[in-house]
Amino acid sequence: MAKDLTSRNEDYAKWYNELVIKSGLADYSAVRGCMVIKPYGYSIWEEMKQYLDRRFKETGHQNAAFPLLIPKSFFAKEAKHVEGFAKECAVVTHYRLKESPDGEGLIVDPDAKLEEELIVRPTSETIIWNTYKDWIQSYRDLPLLINQWANVVRWEMRTRLFLRTAEFFWQEGHTAHENKTEAVQESRMILDLYADFMEKIMAVPVIKGVKTESERFAGAEDTFTVEALMQDGKALQMGTSHFLGQNFARAFDVKYLSKEGKEEYVWATSWGVSTRMMGALVMVHGDDNGLIVPPKLAPIHVVMVPIYRKEEQLAQIREVADKLKKELDAMGIVMKFDDRDNYRPGWKFNEYELQGVPLRIAIGPRDLENESVELARRDTLEKTTVALAGLSTRIQTLLEEIQMNMFEKARAFREKNTHYADSYEEFREIIKNKGGFVYAHWDGSAETEEKIKQETKASIRCIPLEGEKEEGICMISGKPSKQRVIFARAY
RNA sequence: CGGGGUAUAGCUCAGUCCGGUUAGAGCGCACGUCUGGGGGGCGUGAGGCCGGCAGUUCGAAUCUGCCUACCCCGACCA
């Protein structure tokens, strides 16, 4: 089996890093904290983008592109927003280089200092709202529903491939609305869209919820989140959707004239998911043999590995492959026929397992004779011999089954690792020894939240939106609580 | 930003403590050959300013000092 891969039990963090690199998703780059997304990794990201982009458009959004660089003064306009991002900004101060006087390389030309420094965007609210001011005059201009696919930079102290990189790729939606109800609805609708994507396409079960005040996005009135559980018992925030109230409208003076002829500030949302989801994909589905990509995200659904000695045999196999490929094409299933002769079958088996291709077909002289193939599932590692007749239909069914099985497996894992704690002792014991999600009562105060975080490293992931709301008392203060909230250690 | 670690072939690493001819291994790569149903065997070959700068010495991958970069673990954060 994948000989060189560290097992999850041995060292989960090491397993993750190795898997990302060895499966060809990404690699470290020459730039600190920034990664190279390799073709295979990028093709999965493209699948994610493609699906989400279609859904955004179906729900009335349009794509646009705003500048990478933002004038420093823009950040000062929304107080909480600056506070949240100031510590991790890359700043452009000059616009020219010149040869150094000693002739050894280049230096920044001191004469080329910018009047006003530019910030490499950590997020685009400010530049976008500055622009919206010019786009919005009347209630007829609303709602304004814009999305941007972009890269952003946040100068993180400590980075991890996909999970926290200094530069990352994402989409950020920025919408403007006439009233609060509509804006809240928008942010909730996007939250549902995200959750739907994660569960149906990524096969990652998520919990929808709202963030506590201290975990809220800088400048938001409410941050909605989708949270997932990784195999090491830690939580990962998969995406967020913010109700921004009128904060940015006020900061950038974006007003519209209502039907009644009254001047009003608009209401805003912003929402985003990033390449971080790639990390979730690895950590939720991967096993000790490598990645497992759910069929609905897989750039390649089926790979066929020919086994042969003589050229005539390969020619015969190729005939079968071509025919099957054509059938699968018509079904929207992508098959790769790997006839490279510099790698041997066993090597290819391992390689595709590492990459997580959902289905593998091995076909050799033996199979040709019996008019069958060997079909292997990546999720269960199960191998069966199946007839050539009706193979494409069989594949189609199997892919659906794999998709479902992966989701069910992840959900079962999450359920097994979801606990309820009624006392703080119980809570600490679970967080320390078992990990996972812990439902517990909390009095709603930031102090209690902080105390728990300090003492256990577990944070409130969210106040869940769904499920029954059971009243109780806070496990720390004994004060009343309207419902349990979800705690976990998180990435 | 604290703590730890690493830097030698494309990759993973030995060699450094105890300085001494020509710096090694495995994998990968190239060519040949036998092969081919779970990372093949054999043979031949290419590939190195031993992270940088300075010092000690007849002599430095090895000792000393300074620097740089990256990784891991924490704190902070999506």
Side-chain angles (χ1 to χ4, degrees), chain A residues 1-6 11-14 16-18 21-22 27-35 83-89 104 122-123 152-172 211 214-218 220 223 225-227 235-242 270-280 289-290 305-311 313-314 317 339-354 360-370 372-376 381 383 385 453-454 457 459 461 489-491:
Chain A
M1 292 298 163
K3 280 177 188 162
D4 306 324
L5 195 61
T6 301
D11 186 339
Y12 193 80
K14 199 168 171 203
Y16 174 82
N17 280 332
E18 280 182 13
I21 290 167
K22 288 184 174 163
D27 209 342
Y28 297 108
S29 75
V31 185
R32 189 206 80 100
C34 297
M35 63 177 177
E83 214 184 291
F85 288 104
K87 281 177 288 180
E88 47 185 39
C89 285
E104 311 241 335
T123 179
V152 291
V153 169
R154 295 182 189 176
W155 213 264
E156 299 289 349
M157 290 300 183
R158 180 147 133 64
T159 58
R160 308 195 61 184
L161 294 170
F162 285 120
L163 299 173
R164 179 166 290 107
T165 43
E167 178 195 27
F168 59 91
F169 292 78
W170 74 347
Q171 59 69 217
E172 46 180 328
K211 287 285 185 190
S214 58
E215 298 272 337
R216 206 176 274 163
F217 173 75
T223 288
T225 178
V226 265
E227 300 281 329
L236 184 76
Q237 178 178 303
M238 300 273 292
T240 46
S241 180
H242 316 289
S270 73
W271 28 274
V273 290
S274 73
T275 36
R276 186 181 232 201
M277 290 193 295
M278 295 288 292
N289 294 323
V305 177
I307 294 150
Y308 62 98
R309 275 167 225 240
K310 299 176 216 127
E311 283 303 314
Q313 289 170 329
L314 178 60
I317 292 169
D339 61 350
R340 289 178 298 175
D341 66 356
N342 51 335
Y343 293 108
R344 302 173 68 261
W347 190 92
K348 292 177 187 173
F349 293 168
N350 280 286
E351 186 66 8
Y352 289 112
E353 266 166 27
L354 198 55
R360 184 186 71 228
I361 296 170
I363 177 169
R366 222 156 63 198
D367 304 290
L368 285 175
E369 217 169 284
N370 302 329
S372 66
V373 297
E374 181 194 87
L375 194 55
L381 295 171
K383 289 195 280 196
T385 305
K453 200 173 170 183
Q454 287 302 320
K457 289 180 195 155
S459 55
R461 302 320 303 153
R489 286 190 180 159
Y491 276 96

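In what follows, every chain begins at residue 1, and chains take the letters A, B, ... in the order their sequences are listed.
Between B/C73, B/A78, B/C77, one nucleotide has an atom nearer to the side chain of A/A13 than all others, and that is B/C73. Closest to the side chain of A/K457, from the set B/A78, B/C29, B/A75, is B/A75. Of the candidate nucleotides B/U35, B/C72, B/C77, B/C77 has the atom lying nearest to any side-chain atom of A/K453. In the set B/U35, B/C71, B/A78, the nucleotide with an atom closest to the side chain of A/Y28 is B/C71. Among the nucleotides B/G38, B/A78, B/G37, the one closest to the side chain of A/K383 is B/G38. Between B/G39, B/C77, B/G36, one nucleotide has an atom nearer to the side chain of A/E88 than all others, and that is B/C77. Here the side chain of A/E156 is nearest to one of B/C72, B/C77, B/G37, namely B/C77. Comparing atom distances between the A/N350 side chain and each of B/C73, B/C29, B/G39 picks out B/G39 as nearest. For A/R158, taking side-chain heavy atoms from C-beta onward, the closest of the listed nucleotides B/C76, B/G38, B/C73 is B/C73. The side chain of A/Q237 has B/A78 as its nearest neighbour among B/C76, B/G39, B/A78.
Side-chain N/O atoms of A/R360 and base N/O atoms of B/G38 include a donor-acceptor pair closer than 3.5 Å.
Straight-line distance from the CD atom of A/E215 to the P atom of B/A78: 7 Å, rounded to whole Å. For the pair A/R276 CZ and B/C77 P, the interatomic distance rounds to 13 Å; values are reported in whole Å. Taking atom CZ on A/R489 and atom C1' on B/C77, their separation rounds to 18 Å, with Å as the unit. Counting to the nearest Å, the P atom of B/G36 and the CZ atom of A/R366 are 12 Å from each other. Rounded to whole Å, atom P of B/C72 lies 12 Å from atom NZ of A/K14. When the C1' atom of B/C77 is taken as reference, atom CZ of A/R154 falls 9 Å away, rounded to whole Å. Summarising the geometry, the separation between CG on A/D27 and P on B/G10 is reported as 15 Å, rounded to the nearest angstrom.
Both distances falling under 3.5 Å, in either a Watson-Crick or a G-U wobble arrangement, occur for no nucleotide opposite B/A75. Summarising the base pairing, B/U6 is matched to B/A69 through a Watson-Crick or G-U wobble pair whose two defining distances lie under 3.5 Å. The pairing partner recorded for B/C13 is B/G24, the criterion being a Watson-Crick or G-U wobble arrangement whose two distances lie under 3.5 angstrom. With a 3.5 Å ceiling on both atom-pair distances, B/U62 lacks any Watson-Crick or G-U wobble partner. The partner of B/U57 cannot be assigned: no Watson-Crick or G-U wobble pair with both contacts below 3.5 Å exists in any strand. Remark: B/G32 base-pairs with B/C42; criterion is Watson-Crick or G-U wobble with both hydrogen-bond distances under 3.5 Å.
For the pair A/R360 and A/F349, the cation-pi criterion (under 6.0 Å, within 45° of the ring axis) is fulfilled.
If you check every strand for non-hydrogen atoms under 4.0 Å, A/F168 touches a base. Looking at heavy-atom distances under 4.0 Å, A/T165 makes contact with a base. Among the protein residues, A/R216 comes within range of no part of the nucleic acid, since none of its heavy atoms lies under 4.0 Å from any strand.
A side-chain donor-acceptor contact under 3.5 Å links A/T225 and A/E227. Defined by atom type and a distance below 3.5 Å, a donor-acceptor pair is present between the side-chain atoms of A/E18 and A/T6.
Heavy-atom nearest nucleotides on RNA chain B were determined for A/F162 and for A/W347, and the one closer to the 5' end corresponds to A/W347. Residue A/I307 is the one, among A/I307 and A/N17, whose nearest nucleotide of RNA chain B lies closer to the 5' end (criterion: closest heavy atom).
If you take atom P in B/C73 and the same atom in B/C58, they sit 47 Å apart, rounded to whole Å. Annotation: B/C13 and B/G28 have their C1' atoms spaced 14 Å apart (nearest Å). As rounded to the nearest Å, B/A61 and B/A9 have C1' atoms that lie 14 Å from one another. For B/C27 and B/G40, the C1' atoms lie 14 Å apart once the distance is rounded to whole Å. The C1' atoms of B/A60 and B/G55 are separated by 12 Å, rounded to the nearest whole Å. Going from the P atom of B/C70 to that of B/C77 covers 23 Å, rounded to whole Å. B/U21 sits 39 Å from B/G3 when the P atoms are compared, rounded to a whole Å. Rounded to a whole angstrom, the distance from the P atom of B/C31 to that of B/C49 is 24 Å.
Note on A/R32: every side-chain N or O is 4.0 Å or more away from OP1 and OP2 of B/C70.
The environment of CZ in A/R309 is sparse: at most 12 heavy-atom neighbours from other residues, nucleotides or ligands sit within 6.0 Å.
Judged by distance alone, with hydrogens and angles left aside, the side-chain atoms of A/E351 form no donor-acceptor pair with the main-chain N or O of A/W347 at under 3.5 Å.
Considering A/I317, A/L368, A/I363 in turn, A/I317 is the only one that fulfils the side chain to side chain contact (heavy atoms under 4.5 Å, CB included) rule with A/Y308.
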